[in-house]
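What follows is a single structure, written as structure tokens, with notes after it.
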Amino acid sequence: MSIYIQLFLAFFIPGILGYGGGPASIPLIEKEVVDRYQWLTVSEFSEMLALGNTLPGPIATKMAGYIGYEQAGILGALITIFATVAPSLILMLTLLNLLMKHKESPKVRRLTIYIRPVIAVLLGVMTLEFFYSSWEGAGLGQTVLIGGAAFLLLEVLKVHPAYVIAIGLIYGFFFLAA
């Protein structure tokens with residue numbers, strides 16, 4: 001069997017079976033890469049897991065990219081990353097297609113009406129948690145300054161969010177990292 005097919009299967013299967021995302025699929029990935037294909041030892045896997053947890057982003061895709069690159073270069077990394085996100089992507093597209101097909105249904109309309117307040121509350125809670133975390137880490141003055149500047153850039157000056165994030169990263173690096 002081709003290394004590319006093995007890489008795809010090693011990350012696609014845990015992606016399907018690992019309900020709950022990255023943390024739930026880590027033991028399944030370990031079973032594939034350590035036990036089944038023996039690309040890594042248990043020690044190497046645990047070191048890769050520790051390193052992956054220090055970096056931002058989903059752990060499963062970081063592990064997939066690393067293992068894919070180690071086994072088959074850039075193409076291997078691309079295949080393993082795609083295999084990791086493919087189950088979620090397929091499910092999302094399927095559900096979106098189903099939702100769009102029945103969007104005129106009274107049941108679907110009621111569902112979306114009931115979901116909106118829940119999403120609003122969840123976003124509000126997340127915003128408060130981010131605010132408190134920022135307040136504890138950078139202080140109230142920095143939090144208000146950064147929040148105000150972000151609001152001004154996004155809502156008044158209509159700057160693209162990617163640029164606002166980049167400005168925030170640069171500001172944090174030079175003024176908050178000390």
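Predicted, not measured: the structure shown is a model, and the values here were computed from it.
We find the OG1-CZ distance between Thr84 and Phe8 to be 9.5 Å, quoted to the nearest 0.5 Å. Rounded to the nearest 0.5 angstrom, Leu111 CG and Arg116 CZ are separated by 10.5 Å. Rounding to the nearest 0.5 angstrom, the gap separating the CG atom in Leu9 from the CD atom in Glu32 is 8.0 Å. Atom OH of Tyr66 is separated from atom CG of Leu55 by 12.0 Å, given to the nearest 0.5 angstrom. To the nearest 0.5 Å, the span separating OG1 on Thr54 from CG on Leu49 amounts to 10.0 Å. Here the CG atom belonging to Asn97 is positioned 9.0 Å from the CE atom belonging to Met100, to the nearest 0.5 angstrom.
Residues Ile67 and Met48 form a side-chain contact, since some pair of their non-hydrogen atoms from C-beta on lies under 4.5 Å apart. Here the side chains of Trp39 and Phe45 are not in contact, with every heavy-atom distance at 4.5 Å or above. At least one side-chain heavy atom of Tyr171 sits less than 4.5 Å from a side-chain heavy atom of Leu145. In this structure, the side chains of Met63 and Ile26 come closer than 4.5 Å at one or more pairs of heavy atoms. When side chains are defined from C-beta on, Leu98 does not count as touching Thr94, because their heavy atoms never get closer than 4.5 Å.
Without hydrogens or angle criteria, Thr127 side chain to Leu123 main chain gives a donor-acceptor distance under 3.5 Å.
Summarising the local packing, CG of Leu128 is surrounded by more than 12 heavy atoms from other residues, nucleotides or ligands at distances under 6.0 Å. Surrounding OH of Tyr69 are at most 12 heavy atoms belonging to other residues, nucleotides or ligands under 6.0 Å away.
Using bins of under 30°, 30° to 60° and over 60° for the plane-to-plane angle, the ring pair Tyr132/Trp135 lands in the parallel bin.
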